[in-house]
Amino acid sequence: MLWTRWLVLLLCWGATGSEQQADERGAVPAEVRSDSRRERSPPPVEPLDFGFVPAAVYDTHAYYEPGSMGILFHMVHAFLYILQPNPFPKDLIVKVIQQNMGGIKIEEWRKPENVVLLLQWIQYESGFLICATFGVVFVVLIPVIAMCFCMCRCCDNCGGEMHQRQRKNADCHRGFYTASLVATTIFIIVGVLIALAANHNISSQVKSTRRLINTNMRDLKTFANNTPAQVDYLTAQYTTAKNKVLSDLDNIGPLLGGRIHIQLEKSVIPSLDTALRMAGAMRETKEALENVSSSLEVLQDGVGKLQASLSGERASLSNTLSDPACTNGAVSHTCSTIRSTLSQLGINADFSKIPDVNHALANVNTVLKTDFSNIVQKGYASFNDTPRLVKEQTKNIVAALPRVKGMLDKIGAEITGFSKMFPVEASLANFTIFLNERHKAIESYYPQIDQMDFYRWIACVAVLCMVVLVMAFNILGLLCGNCGYDKQASPTTRGCLSNTGGNLLMAGVGFSFIFAWVLMVIVTTLFVVGGNVEKLICEPLANRQLFKIIDTPFLVHPEKRNFLPGMLFQNPNIDLTLGGMYRECYDNNGLYHALQLETMFNINSFLNRTVYNRDLAKVFDSVQVDLQGITLLEQAGRDNLINFANSGIGQIDFQVYLTEVNKGVTLIDLLSFCSDLEGQADQLPRGALENALRGHASSIRFIHREQVVPLEQAMSTLQQSIKQLQKTSNDLPVKVTNVLSAIDAAEYLLTHNASHVVKQETKAYVQSLVGYFKQYTEWVKNSLTAEVAQCKPISNIVDSMEIVGCSFIIDSLNTFWFGLGSCCVLLIPSIIFSVKLAKYYRRMDTEDVFEDGQENWN
């Protein structure tokens with residue numbers, strides 16, 4: 001058992017940091033834990049790739065398919081279920097074991113509790129007891145009946161008298177006895193074949209046992225050879241976590257600075273974005289003022305020219321209407337109507353009295369001489385330079401990298417030294433040598449096993465030959481009797497062949513009496529042994545009920561809770577059961593998890609001394625970052641914002657502009673006026689007056705196209721610009737104040753309150769570094785649980801023992817006694833039918849005499 005101890009000690013080293021974390025959490029006061037819940041959760045740690053632990057490939061496939069023999073096995077199982085339908089008596093067996101651990105004494109069985117247990121056991125075994133009783137009675141009575149039968153025949157009774165009385169239905173009786181004996185013989189032959197098949201199955205499966213032994217031995221060697229390599233791989237992967245920590249420390253500026261930048265940008269970037277939008281508002285304000293100024297100049301100049309054009313056209317149209325042709329009664333009304341609309345040809349909007357915006361535009365141009373957008377971009381650049389600033393201020397960490405590397409190398413050396421503390425390789429090498437020696441020892445027994453199996457096969461065949469001998473006499477007797485039987489011959493004149501048939505049948509009866517009780521002794525013994533082994537061992541082992549008995553608390557000793565840990569580790573209080581260990585090994589988990597070694601070896605102190613190193617924590621605690629050097633908005637930018645707020649935009653009388661713009665350029669739509677004028681001209685007779693009116697309409701259309709349309713476009717531009725300026729100037733000082741307040745708040749955060757964010761992100765950064773080691777320890781635990789020292793060979797050994805002991809041997813043994821027992825039972829009707837039938841084949845000494853005319857032999 002020394003090698004198992006070394007293996008246990010080896011596997012214990014890889015416990016994870018989860019236990020250590022649990023202990024640390026247990027030491028933290030409840031108030032601190034409640035506060036930590038309010039803090040934001042730490043960012044996820046980058047997952048590390050530790051690769052795959054070298055896997056062991058096991059060859060054993062502990063599965064057995066009986067093939068055609070399975071039908072016979074199921075038949076026997078059904079027969080045993082009929083005899084014993086009761087469930088497995090787990091509680092009864094546990095009570096028996098617990099009450100008789102000190103040894104079984106005769107006087108102890110007189111106690112009431114033991115009497116109750118005995119009665120319960122008899123009730124459970126009632127089916128087997130009934131069948132065993134039948135076998136014993138059969139063994140006892142058959143020799144007695146044989147002796148009585150012989151004595152009876154010697155006294156010319158029981159068919160011993162060589163005289164046959166003739167009856168009319170003699171042929172019918174002979175045919176019935178012949179058919180019954182043939183059927184009985186066939187069933188006996190089937191039983192012999194079943195037993196012979198079971199006998200052969202045992203011999204053939206003994207050879208398969210060698211394959212299972214060889215594969216299980218190879219798997220154990222694979223287990224022993226792969227475990228050191230797997231452990232070395234676990235220790236070597238510490239380098240992955242170490243290199244990642246060193247890499248992150250070397251890039252502390254981008255990593256830690258980036259963390260700080262991400263947290264602070266939630267407050268800083270919005271304030272800079274607001275300032276940048278204000279820079280855009282400045283440019284838009286300048287463009288709007290320029291549009292207002294240019295549009296106003298266009299409108300003032302254009303309105304004057306339009307006024308002159310409309311006045312001239314109105315005077316010309318009035319002269320045309322003064323023509324004598326308009327005095328004609330037919331057209332005078334039309335001329336009067338046109339004359340009444342001349343007053344509508346005039347200007348509606350007057351832009352000459354509107355004040356200009358040149359003063360505000362000059363102020364805005366002065367403000368824009370300072371590139372406020374560039375100043376804001378400098379603020380962005382200064383804030384985005386946080387990683388570089390952090391890198392400059394953490395040069396001491398980068399300078400300490402050699403010292404940190406030395407610490408981490410020391411930790412790796414301690415881990416490697418811990419794994420090398422135990423002579424695991426030497427122990428496993430000795431275990432491999434032990435396996436080789438045991439394998440050779442087992443192989444040395446193969447010739448003896450083969451020889452013993454051969455003797456067993458010969459013995460079983462010899463037993464079956466007893467039945468075959470009786471069947472041979474029965475078959476030969478039937479053949480000779482039926483072939484030599486002559487209906488015309490009288491009982492005293494029967495032929496030699498017929499008489500031989502009868503003698504052979506009686507010989508079969510004699511051998512049946514000689515062998516039947518011997519065969520029943522064999523059947524009863526095998527039945528009691530094989531049937532109970534099947535019901536009490538094989539079936540509970542198949543459904544794992546047997547493990548529950550072994551795992552029953554305090555089964556072996558009233559002060560020892562569990563049997564398995566008490567045997568392996570001398571600590572029966574560990575919650576380790578054989579059934580649980582088997583399930584873990586069946587699932588091919590690691591031996592560390594299957595044996596629950598984490599309950600034996602406390603790795604927390606080792607991890608605290610190595611991975612969670614205090615010297616390494618001091619290096620991390622020395623991280624100090626100051627962000628007071630960051631300037632978001634220079635003083636020139638602040639002055640620029642204040643000058644923009646005082647540029648005079650809010651003093652513009654926007655309502656005056658909007659009032660004039662909303663009036664329109666002319667009093668009436670000139671195009672509508674032209675259309676009406678042309679309609680009036682159509683009512684006049686053709687002539688000079690009509691043509692003159694159409695000419696005036698054409699002139700007015702030209703004025704509208706060349707003068708009114710540009711003025712309307714200028715008015716639209718003016719209206720849009722005025723509305724934009726009105727919107728921009730609305731509470732402009734308040735907006736500027738808000739921007740400056742946001743900038744001040746962000747700068748105050750950077751200069752005064754950023755230390756909290758720096759500490760928080762520094763802590764998160766350190767947690768990420770520690771998280772790499774936690775990943776390593778967690779990976780070690782998971783690997784020890786599922787990949788290192790996978791104990792599938794242990795469950796394969798149990799399954800192989802079940803296959804060999806139950807499927808190969810017990811099932812075949814039970815099938816053998818099942819076939820042989822059916823032969824023994826059928827020998828009784830065979831004896832009866834043979835004795836009855838022999839009377840019709842043997843030559844009699846006397847016969848019945850009849851007078852002529854009475855019954856004849858036909």
Side-chain angles (χ1 to χ4, degrees), residues 1-16 52-63 212-235 419 422 424-425 427-436 438-439 541-542 544 546-548 550-551 562-569 571 574-601 603 779-804:
M1 295 296 293
L2 180 61
W3 67 270
T4 58
R5 302 291 176 81
W6 288 122
L7 182 61
V8 168
L9 292 174
L10 161 69
L11 294 176
C12 77
W13 78 271
T16 70
F52 299 96
V53 178
V57 180
Y58 299 127
D59 298 331
T60 301
H61 299 284
Y63 176 76
L212 284 176
I213 292 175
N214 293 335
T215 56
N216 277 285
M217 286 296 180
R218 282 201 303 270
D219 289 346
L220 288 175
K221 294 176 184 177
T222 301
F223 172 84
N225 294 331
N226 279 27
T227 299
Q230 292 173 336
V231 173
D232 291 342
Y233 184 83
L234 293 185
T235 58
S419 64
F422 312 106
V424 177
E425 295 186 5
S427 299
L428 291 177
N430 293 333
F431 177 62
T432 303
I433 296 173
F434 169 78
L435 290 177
N436 292 329
R438 291 300 91 198
H439 195 189
L541 186 59
R544 311 311 171 202
L546 195 60
F547 291 153
K548 295 183 180 180
I550 302 175
D551 296 334
N562 294 315
F563 165 74
L564 185 60
M567 181 185 68
L568 293 179
F569 312 123
N571 186 1
I574 298 177
D575 190 16
L576 174 62
T577 61
L578 186 62
M581 177 182 174
Y582 172 82
R583 286 191 298 271
E584 295 294 340
C585 291
Y586 186 82
D587 294 335
N588 203 21
N589 290 326
L591 190 63
Y592 177 85
H593 184 64
L595 291 178
Q596 298 184 14
L597 298 179
E598 64 271 11
T599 61
M600 290 186 55
F601 302 96
I603 310 301
W779 173 77
V780 169
K781 176 184 177 182
N782 295 334
S783 299
L784 287 173
T785 300
E787 299 180 54
V788 177
Q790 294 172 319
C791 60
K792 184 68 173 178
I794 296 177
S795 66
N796 283 338
I797 290 175
V798 176
D799 294 339
S800 299
M801 292 173 61
E802 178 190 356
I803 290 173
V804 173

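Residue numbers start at 1 and run along the sequence shown. Only a predicted model underlies this, so the values are computations on that prediction, with no experimental measurement involved.
Listed by chain and residue number, nothing satisfies the side-chain hydrogen bond (donor to acceptor under 3.5 Å, both in side chains) test with Asp587 (two or more places apart in sequence, or in another chain). Remark: Ala594 pairs with Met581, Glu584, Cys585, Cys791 by the side chain to side chain contact (heavy atoms under 4.5 Å, CB included) rule, at least two apart or across chains. For Arg218, the side-chain hydrogen bond (donor to acceptor under 3.5 Å, both in side chains) partners two or more places apart in sequence, or in a different chain, are Asp59. Listed by chain and number, the residues in a salt bridge (charged side-chain N to carboxylate O under 4.0 Å, His left out) with Asp799 are Arg544 (sequence neighbours excluded). Considering only residues two or more places apart in sequence or on other chains, Tyr58 meets the ring pair (Phe, Tyr, Trp, His ring centres under 6.0 Å) condition with none of them. Among residues two or more places apart in sequence or in another chain, the side-chain hydrogen bond (donor to acceptor under 3.5 Å, both in side chains) test is passed with Asn216 by Ser800. Under the side-chain hydrogen bond (donor to acceptor under 3.5 Å, both in side chains) criterion, Asn226 pairs with no residue at all, not counting sequence neighbours.
With a 4.5 Å cut-off on side-chain heavy atoms, Val798 and Glu802 do not count as touching. Here the side chains of Leu234 and Val53 are in contact, with some heavy-atom distance below 4.5 Å. Leu591 has its side chain out of reach of Thr227: every pair of non-hydrogen atoms, C-beta onward, lies at least 4.5 Å apart.
Atom CD1 of Ile797 sits about 8.5 Å away from atom CE of Met801, to the nearest 0.5 Å. Distance CD1/Ile794 to OH/Tyr582: 12.0 Å, rounded to 0.5 Å. Distance check, rounded to the nearest 0.5 Å: CD1 of Ile433 to CZ of Arg438 gives 13.0 Å. Between the CG atom in Asn589 and the CG atom in Leu595 there is a gap of 12.0 Å [rounded to 0.5 Å]. In this structure, the separation between CG on Leu435 and CZ on Phe223 is 10.5 Å, given to the nearest 0.5 Å.
Residue-environment remark: NZ (Lys548) stays at or below the threshold of 12 foreign heavy atoms within 6.0 Å. Taking a 6.0 Å sphere around OH of Tyr233, one finds it holds more than 12 heavy atoms contributed by other residues, nucleotides or ligands.
Minimum interatomic distance between Val57 and Thr222 (heavy atoms only, all atoms of both residues): O-CG2, 4.0 Å.
Using a distance-only test at 3.5 Å, with no hydrogens or angles considered, no donor-acceptor pair links the side chain of Glu787 to the main chain of Asn782.
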